[in-house]
Every structure is written in structure tokens, then in C-alpha cells.
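Everything numeric here is computed off the predicted structure, so don't read it as measured data.
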Amino acid sequence: RREEKRREEKRREEKRRKEKKREENKRNMALANLTVTSLAIEIGVPSFTFILTSIYVTWVLYLEPKGKNKAKATHSIMLEARRQWIADQHMKGVVPANTFRDYMNAGEFLASTAMTLAVAIFGFTISGTGACVILDVNTCSDMDILVFCKQVVISLHFFVIFFFFSQQIRYCTHVSIMMNTSRIGDQMLQPDDIFVFFRRAVNFWTIGIRGFYFSVPLMLWLLSPWANLGATLVMLFIFYSLDHTSPIFEEKAEEKKNKSGGDVEGVAKSSGSKPLLSGETLSPRGGGHSSDSDNERQ
């Protein structure tokens, strides 16, 4: 009887093991099917947001300044303001040097911040979910590997931001020397030549600072790819509304309309200047129409 009981217990244990294996196989198959769709979503949605953001930043920096509506774009207006400032401050001594020094200090602060965040996130990744990935991948679950990949991408994102700000500092150093240089060899150094280098510094600054802004949707990617998509769309809408408003010139145009009761062009002709909203940009050499007070300041 004892032997029969033992045999029955063994049979029962074998049945239980087989049932457990079947359940585990069913669960693994279900998880495998879910991971295929989830991985497609986890990779596809952030890739789409990255492409969308890259297209928008490229359009704002390089395509829009050449378009017809550049007079209403903040970046295009500031490019012309910087061009005019370089033409006015060329060979003026201490003033441009101090300005570029402050500009470089801001870039150094943001570059060091990006490097600190990149190293901190990378160290946290290695000590946390990255431990099983480095030691033995077989002991890690699919979710651990996915979180590890996300954290590595976020860390690389801040390393790229550090690269852009370091290039901004590099070009600002060159421009600060060129601002007080009249000639290079036998050739005269013109403000337009300096502006080419300065525009590169501005572009690196813009890409780096927007990299900080879009790190928020990237952090939300840890929660869900749909959170990343929603945050990216909200950020793009906010930046589009901010990048295409010129409150200074629009408010002045409205004030002139209200005072004179006519259009902006009539007021501009009576004052001897042309409005920026008409599509005309500032002269790169400080030319164009200027008032008597501007001539006295120059």
C-alpha cells in the first residue's frame, strides 16, 4: 500500500509538472506575440517623433529664413538682428568681446549640465537594469532589456547635446577674435564673413537648447511611447506658435494703424522707413533707412 501511494503521488506530481509546463508555454507564446507588437510600437513611435522633430528644426534653421514669411519668424528676425549687430560692432573693442564672453559662459553652463546628466543616467543604468544585461542577458526579462535600451538612448541624447554646446563655444571663440580683426593676410575681413561663423554658433546653440526641451518627451518614453508622442506634438505646437510671432513689430504696426487710421505702408513712408513685416529684411551692412537718432548713435 505504501508503494502504491508513492507511485500515485509521483504520477500526480508528474501531471502537475506537465500542466505547469503547458501553462508556461502558453504564457511564453502570449508574451512573445505581445512583444512583437509592443517592440514595434516602442521603436516606431519614438522614431517617428524624432524624424518629425528633426524636420521641424531643419525647417526653422535653414529653410524658413529663405522663404517668403521670414519677416514673421522669430529666428529669421533674430538672424538679421545679429547680422546688423556684427556690422555695427565690428572693430569696436571691448563691447563685442564681453558679449561673446557672456554667450560662451551660458554655453559652458549648459554643456556641463548636459554632460552631468548623461553621466548620471548612464551610471544609474549600469548599476540598475544594466547589471543583468552586462553580466548575463538570459537572466533578464524583456522589459528589463527594453528599459535598459531606453535609458541608454536618453544618456546618448544628453551626450549629443553636450557636443552641440561645445561646438557653439568653439565658434564663439573664433568670432570673438574675428570681431577685432580688420584683415586676414591681404584680404579685408568683412562683417558678412564674420556672420557666417556666428550663424554656425547660433545654429549649434539653437539645436542644443531645443535638445533640452525635447528631453521631456524622451523621458516620458520610459512610461509609454504614446506619452512620448503626445508630449512631442504638444511641444511642437508650442514652439511653432512661439517661433512665428514677432510681437515687437506687430504691436508697432498696430499702433501705427490706430494712430494714423491708414495702412502700415503709408505710415512707413511718412516716417521715412519701411516696415519689416512687408517682407524686407534688415541690411547686412547697416544700410537702409535710419532715423537721425540712429545716425547720431553710430
Open item on the list: Is any side-chain heavy atom of L52 closer than 4.5 Å to one of L233?
Closed with: yes
Open item on the list: Please check this pair: side chain of H157 against backbone of G211, looking for a donor-acceptor N/O pair closer than 3.5 Å.
Closed with: yes
- [ ] Step through the shown structure and confirm whether more than 12 heavy atoms of other residues, nucleotides or ligands are within 6.0 Å of CZ on F197.
- [x] no
- [ ] Report the distance from atom CD of E3 to atom CZ of R7, rounding to the nearest 0.5 Å.
- [x] 6.0 Å
Open item on the list: Taking G93's backbone N and O only, do any of them form a donor-acceptor pair with N180's side chain (distance below 3.5 Å, no angle check)?
Closed with: yes
Task: Inter-residue atom distance L156.CG - L218.CG, 0.5 Å rounding - done: 10.0 Å
Task: Partners passing salt bridge (charged side-chain N to carboxylate O under 4.0 Å, His left out) against R199 (at least two apart in sequence or in another chain) - done: none
Open item on the list: To the nearest 0.5 Å, what is the distance between CD1 on I209 and CZ on F204?
Closed with: 15.5 Å
Task: Any pair counted as side-chain hydrogen bond (donor to acceptor under 3.5 Å, both in side chains), so long as it reaches residues 212-235, sequence neighbours left out - done: E42-W221, T49-N228
TODO: Mind checking the NZ-CD spacing from K5 to E8? Nearest 0.5 Å is all I need.
DONE: 9.0 Å
Open item on the list: Could you check whether any side-chain N or O of T53 sits under 3.5 Å from a backbone N or O of F50, counting only pairs where one atom can act as donor and the other as acceptor?
Closed with: no
Open item on the list: Is there a path of hydrophobic side-chain contacts, each under 4.5 Å between heavy atoms of I/L/V/M/F/W/Y residues, joining V95 to V175?
Closed with: no
TODO: For the residue pair Y56 and R210, establish whether any side-chain heavy-atom pair is separated by less than 4.5 Å.
DONE: yes
TODO: Name all pairs fulfilling the salt bridge (charged side-chain N to carboxylate O under 4.0 Å, His left out) condition that reach into residues 176-190, sequence neighbours left out, sorted by first residue then second.
DONE: none
Task: Set of residues satisfying side-chain contact (heavy atoms from CB on, under 4.5 Å) with respect to S47, sequence neighbours excluded - done: I43
TODO: Return yes if some donor-acceptor pair links the side-chain N/O of S182 with the main-chain N/O of M91 below 3.5 Å, else return no.
DONE: no
- [ ] Rounded to the nearest 0.5 Å, what's the gap from CH2 on W59 to CD1 on I55? Could you check?
- [x] 12.0 Å
Task: C172 to A201 - nearest heavy-atom pair and separation - done: SG-CB, 3.9 Å
Open item on the list: Could you report the tightest heavy-atom contact between A231 and L220, atom names first, then the distance?
Closed with: CB-CD1, 3.5 Å
Task: Closest approach of L189 to H90 (non-hydrogen atoms, all atoms of both residues) - done: O-CE1, 3.2 Å
Hey, can you pull the donor-acceptor pairs under 3.5 Å for the side chains in residues 159-168, sequence neighbours left out?
unit_1	atom_1	unit_2	atom_2	d
S166	OG	F162	O	3.2
S166	OG	F163	O	2.6
Q167	OE1	R170	NH1	3.0

Task: Exercise: identify the closest heavy-atom pair between I41 and P225 - done: CG2-CG, 3.6 Å
Task: Centroid separation F198 to F100 less than 6.0 Å - done: yes
Return all side-chain donor-acceptor pairs below 3.5 angstrom for residues 101-110, not counting sequence neighbours, or 'none' if the list is empty.
unit_1	atom_1	unit_2	atom_2	d
N105	ND2	R101	O	3.2

- [ ] Rounded to the nearest 0.5 Å, what's the gap from CD1 on I154 to CZ on F124? Could you check?
- [x] 11.0 Å
Open item on the list: Taking the ring centre of each residue, are F239 and F214 less than 6.0 Å apart?
Closed with: yes
- [ ] For the residue pair H174 and Y171, categorise the inter-ring angle as parallel (less than 30°), tilted (30 to 60°) or perpendicular (more than 60°).
- [x] perpendicular
TODO: Might you point out which heavy atoms bring I121 and Q151 nearest each other, and give the distance in Å?
DONE: CG2-O, 3.7 Å
Open item on the list: When you compare the side chain of T74 with that of L242, does any pair of heavy atoms fall below 4.5 Å?
Closed with: no
